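This report concerns only the one structure given below.
Just so it is clear: chains get the letters A, B, ... in the order the sequence lines come, proteins before strands, and each one is counted from 1. None of these values were measured; they are calculated from a predicted model.
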Protein chains: 2
Amino acid sequence: MRQDGTRNKHDDAARAGWLYYVAGNTQDEIAAKLGVSRQTAQRLVSLAMSEKLIKVRLDHPIASCLALASELRSRFALDLVEVVPSDPGNPDTTLGVADAVAAELERLLSAPEPRIIGVGTGRTLKAAVEAMSPIDCPQHKIVSLTGNIAPDGSAAFYNVIFSIADKVSAPSFPMPMPVLASSASERELLHQQVGIERTLALAAQASVSFVGIGDLGPKAPLYMDGFITQDELKLAQKAGAVGEMLGWTFNADGVLIQGMINDRVASPPFPSRETSLVVAAAKGANKVDAIRAAVRRRLVNGLITDEETAQALLA
Amino acid sequence: MRQDGTRNKHDDAARAGWLYYVAGNTQDEIAAKLGVSRQTAQRLVSLAMSEKLIKVRLDHPIASCLALASELRSRFALDLVEVVPSDPGNPDTTLGVADAVAAELERLLSAPEPRIIGVGTGRTLKAAVEAMSPIDCPQHKIVSLTGNIAPDGSAAFYNVIFSIADKVSAPSFPMPMPVLASSASERELLHQQVGIERTLALAAQASVSFVGIGDLGPKAPLYMDGFITQDELKLAQKAGAVGEMLGWTFNADGVLIQGMINDRVASPPFPSRETSLVVAAAKGANKVDAIRAAVRRRLVNGLITDEETAQALLA
DNA sequence: TATTCGCATGGGCAATTACTCATATTGTAG
DNA sequence: CTACAATATGAGTAATTGCCCATGCGAATA
């Protein structure tokens, strides 16, 4: 019943959205055509937007974004760079970057040749996956590049492998283990488990990976989400850590911090930039140092970011 | 100068459109962010829409459209069916159908395997091509399935091969000859010309073709555009002709009319439905009979139409 | 240099859209 | 059957948007 109700509502919303955005009707006309009140029509249109039934994409290469992209590409010898416009004044939404990642993922997944695609975690990737259209692509495999167990034992919220599995019908492979092991030796044990070993092997074969970048400032996601304590964060900062990808912390030169957190990162080794494409999706002033470090040391060979961040990286 | 001015304007328009539709800013905010007046911001946003810098697409399978599509598919054994929502009250715009054709074309053209794609003529196809994004795909070949010379010797306006060539950078092959020859024998002569013979051979190899369908009522496009006289139209109607594709007139059973106009159609033979996909793009009450004839006799094996037309076809 | 033309700009106003809140309806549990 | 909760609806209102017009700026032309 509720199923049906929702479906019909979404149908109507889609129809209303189509009439509004594509056919250019006013909400009064839509109300008349659908036989509802104007307010209801308005709600349907707004629902079509908020539920992403209607997708809007910018189809024009904004010159300055293109210029920034090509400068980033040559400066850091990157293989894939995408720069989306910024929304000055709303510096914290992942909006544009997520959309761009979604588009890239859709492009990849709609290709016929089978691929193994690695995905990390984070708000940006999560938002990207949510912006994707459902797609049927059993030829590909999607493998998580991090554990999916939060410190309290629950499923880590920003792990995106499950969101992807909901959205696209491709075989997907979570890493059934914590993000951080309690010690280096526990990590070894975990990695020797048969199921995990197999998934790790699969991850190593990924030809494209998407990862988020976390900063290690006072609001480091690793700390905010409870993966590390404040003391551990302080120690890492003292050791020069500026950012983190897949849990691996690194300093301003893009060199992995020795010991400490990195001894316990349960993720597979960082994917190869010689044999595969590793795309970082990140934006924001607080991440600039981390992103710069990652691209300078070529921890990644692809970057999707926004205009402001691109400018800061090149400054 | 104008080049630069326009480019910057389009840049600004794209940016404004992005801020408006993607980031959800109001026009006041956009005005502030771009440093222009609110009115200018409004103009930029509206420009972004009218210039199609911002593309909107419906990303939700409206149940009734899906149902109609699958019923059409099974009833007429079609290989490709797409049904888009109708805009009740605006029955004459090619809007939705053209967008759907554009999406299908973009999908085809962005595939890596080389293809030969045939295109017919007509308002719907023309609108579809105009709705496409520019795309670089030198691997494909696009070949016109009709002549491109109007009766008065000028370029036939609704020939779309040139529009396509403007839009996508793929080798394209017009048919440098009239749509209708003056006689059957002139047609033979035309078809033996070296340049044309080669293009005809190419057309025969098309693996996908898109064609419009014209009705043969009192406002038959073939007549309105001056390709045939009113007497010829009347004669064709008397002979039972209900529609026309690529100039080939056919009756309600989808059987080509013997003699008359069809003796003079300069187009290559109708593409094979055994070895290739032939998609008709058409909608409208006045075309229902023609479309039904075409799908019943399998003159086409693909159809892109709208809800109302689909309902009429199934009635 | 003066004139005219084209076009961009911003004010003002009408139309349209978004939101808030009170009320009605539907479904659900006791 | 009643009460409750959740949700949907409609009226009223504030905010936003679209359009027309008067004004001004700059370029082309005489």
> Does A/V129 offer a backbone N or O that forms a donor-acceptor pair with the side chain of A/S163 under 3.5 Å?
Replying inline: no
> For the pair made of CG in A/L44 and P in C/dC19, what is the distance, rounded to whole Å?
Replying inline: 15 Å
> OP1, OP2 of D/dG18 versus side-chain N and O of B/Q42: anything below 4.0 Å?
Replying inline: yes
> Taking only side-chain nitrogens and oxygens of B/T40, does any of them come within less than 4.0 Å of OP1 or OP2 of C/dA8?
Replying inline: no
> Base, sugar-phosphate alone, or nothing: which one does B/Q39 contact when heavy atoms must sit under 4.0 Å apart?
Replying inline: base
>> Side chain of A/S37, heavy atoms from C-beta onward: which of C/dG12, D/dG10, C/dT9 has the nearest atom to it?
In response: D/dG10
> Do any side-chain nitrogens or oxygens of A/T26 fall under 4.0 Å of OP1 or OP2 in C/dT16?
Replying inline: no
> Which whole-number value in Å describes the distance from B/D28 CG to D/dA14 C1'?
Replying inline: 14 Å
>> Here's a test of your reading of the structure: between A/Y20 and A/R43, which maps to the more 5' nucleotide of DNA chain C?
In response: A/Y20
> Going by heavy atoms in the side chains, are A/I164 and A/V119 under 4.5 Å from each other?
Replying inline: yes
>> Can you measure B/R38 atom CZ to C/dA8 atom C1' for me and round it to whole angstrom units?
In response: 16 Å
>> For a side-chain contact (heavy atoms from CB on, under 4.5 Å) check, start with the C-alpha distance between A/Y20 and A/I54, then their side-chain angles and the critical distance, and finish with the verdict.
In response: CA-CA 10 Å; A/Y20 190 69; A/I54 293 283; over 6 Å; no
> A/E29 has an atom CD; how far is it from atom P of C/dA15, in whole Å?
Replying inline: 14 Å
>> What is the distance, to the nearest angstrom, from the CD1 atom on B/I30 to the C1' atom on D/dT17?
In response: 11 Å
> Please give, in whole Å, the distance from C/dT16 C1' to A/L19 CG?
Replying inline: 17 Å
> Does A/T124 reach the main-chain N or O of A/A98 with its side chain, forming a donor-acceptor pair under 3.5 Å?
Replying inline: no
